[in-house]
Protein chains: 2
Amino acid sequence: MKESLEEIIQTIYLLPEQVLEEVLVNFQHLEYPKNYFLLKSGKPCKHLWFMTKGAARHFYTNEQGKEMNTWFSLDTQIIVDTTSFVKQEPAHESIQLIEDSEMYSIEYAALQVLLQKHHSFALWFIKLVELHYVAQIEDRIADLQFLDAKKRYQKLINLNSGITNRVSLGNIASYLNITQETLSRIRAGKL
Amino acid sequence: MKESLEEIIQTIYLLPEQVLEEVLVNFQHLEYPKNYFLLKSGKPCKHLWFMTKGAARHFYTNEQGKEMNTWFSLDTQIIVDTTSFVKQEPAHESIQLIEDSEMYSIEYAALQVLLQKHHSFALWFIKLVELHYVAQIEDRIADLQFLDAKKRYQKLINLNSGITNRVSLGNIASYLNITQETLSRIRAGKL
DNA sequence: ATCATTTTTTGATCTACATCAAATCAGTTT
DNA sequence: AAACTGATTTGATGTAGATCAAAAAATGAT
């Protein structure tokens with residue numbers, strides 16, 4: 001796990017010393033308790049977060065009022081509702097912490113200024129999107145389309161060892177797009 | 001429909017005249033017949049294409065040898081296997097034309113040079129990814145997770161009027177993640 | 001420890017969609 | 001036009017996973 005913001009940033013794409021310093025001052029270090037909402041649907045996503053410790057879930061609320069998880073962010077992941085962030089339009093999803101968490105955040109407006117000002121920061125941002133976003137999200141589509149519930153579960157726990165101790169069965173089931181009952185039966189080896 | 005490459009590029013993000021000219025010379029105009037493969041799985045995706053006329057499908061071949069469509073690109077869309085392109089690793093999917101098509105292409109290496117050379121081109125590329133990629137792909141996940149087969153079909157034909165005349169039932173069914181038989185029954189109003 | 005609340009498990013039944021098999025339709029070739 | 005080919009439709013049956021209901025287990029509060 002990476003502790004320092006500088007390390008997180010430089011691992012994505014190496015910035016010149018002077019640019020790095022200017023970037024760093026635009027980030028804020030934050031701590032929030034379990035259940036805190038980073039984003040509520042209907043509001044634009046004004047921040048991009050780097051989580052250094054903790055866990056969050058992204059979810060929609062469907063017409064029947066049921067919450068459906070679309071994503072988990074554990075520890076060192078980037079957190080953002082990309083669609084809402086890039087267009088600064090009301091978010092469709094909400095983002096809620098499921099553990100006490102620590103993170104760094106940067107505001108949309110500050111990011112735009114840095115992108116316009118520094119060529120190297122624009123290249124950094126491209127790498128960020130490529131590394132942490134594109135691959136993951138295309139994988140998710142393939143999983144939903146090709147794998148059955150049991151395989152989706154196995155893949156999830158392979159990639160996130162320990163997730164079962166940190167995220168409730170109901171939350172995991174919702175991410176896998178199955179009911180709690182079905183996940184319980186998968187775990188019990190009955191499916 | 002946009003015919004000129006210049007118009008396509010400038011609509012994404014306005015480039016300085018001199019940069020635009022340098023960008024334009026890095027694109028090639030191409031025409032390919034129906035059934036041509038832009039990309040075969042196993043090979044890295046070396047190009048990014050702007051389709052100006054025609055249609056393509058993106059598909060995986062699963063363990064049982066069945067082809068599963070993941071995406072359609074009709075007329076003015078960007079075509080690329082993003083995961084393979086950004087990492088220059090072997091692609092998991094193939095891209096095949098389903099109509100005689102016209103397009104412009106730029107090579108990965110040329111794109112990288114332009115990104116490093118011109119700040120404005122890096123900003124252009126960020127906009128490209130934001131506009132044509134992020135929104136679409138997150139929508140697709142939500143659709144697969146929340147909508148049943150009939151609603152996914154209705155949404156597809158609402159967003160792509162005329163797709164039923166251009167893409168075969170089997171190809172559409174595969175994209176919707178249902179069988180041909182089920183799609184036929186949906187169309188007949190029996191589901 | 002006890003009670004209350006939430007989370008997980010178990011069982012019975014139901015449903016959307018798959019699978020398999022065969023028939024029909026459309027477009028091409030001879 | 002007849003014959004061949006591929007695309008679409010129809011019918012019968014099977015199954016993964018949903019839904020509904022209730023029990024059991026875990027977690028937390030007094």
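Residue numbers start from 1 in every chain, and the chains themselves are labelled A, B, ... in the order their sequence lines are given, proteins ahead of strands. Atom set for the values below is all heavy atoms of this structure, side chains included, hydrogens, waters and symmetry mates excluded.
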To the nearest angstrom, how far is [X] atom [atom1] from [N] atom [atom2]?
X	N	atom1	atom2	answer
L183(B)	dC17(C)	CG	C1'	12 Å
R187(B)	dC25(C)	CZ	C1'	15 Å
Q180(B)	dT24(C)	CD	C1'	15 Å
Q145(B)	dG17(D)	CD	P	14 Å
L191(A)	dT19(D)	CG	P	15 Å
L169(A)	dT27(D)	CG	P	13 Å
E181(B)	dG14(D)	CD	C1'	14 Å
K151(A)	dG17(D)	NZ	C1'	15 Å

Looking only at the side chain of [X] (C-beta and beyond, no hydrogens), which of the listed nucleotides [options] gets closest?
X	options	result
T179(A)	dT10(D), dT10(C), dA18(D)	dA18(D)
I178(B)	dA18(C), dT10(C), dT8(D)	dA18(C)
K190(B)	dT10(C), dT9(D), dT10(D)	dT10(D)

Which part of the nucleic acid does [X] contact within heavy-atom distance under 4.0 Å: base, sugar-phosphate only, or nothing?
X	answer
S168(B)	sugar-phosphate
N171(A)	nothing
R185(A)	base
S184(A)	base

Query raised in the report: Between dC17(C) and T182(B), is there an OP1 or OP2 to side-chain N/O distance shorter than 4.0 Å?
Result: no
Query - Any donor-acceptor N or O pair under 3.5 Å, side chains T70(B), E93(B) - result: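 Yes, a side-chain donor-acceptor pair sits under 3.5 Å.
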Report task. Please determine, by modelled atom types, if H92(A) and S84(A) share a side-chain donor-acceptor pair under 3.5 angstrom. Result -> no
Requested in this report: List, by chain and then residue number, the residues other than M103(A) in its hydrophobic cluster (Ile/Leu/Val/Met/Phe/Trp/Tyr, side-chain heavy atoms under 4.5 Å); write none if there are no others.
Outcome: L30(A), Y32(A), Y36(A), L38(A), L39(A), W49(A), M51(A), I79(A), I95(A), L97(A)
Report task. Measure the acute angle between the ring planes of Y175(B) and F72(B), then classify it against the limits of 30° and 60° as parallel, tilted or perpendicular. Result -> tilted
Query - Aromatic plane relationship, Y108(B) with F85(B) - under 30° parallel, 30 to 60° tilted, over 60° perpendicular - result: perpendicular
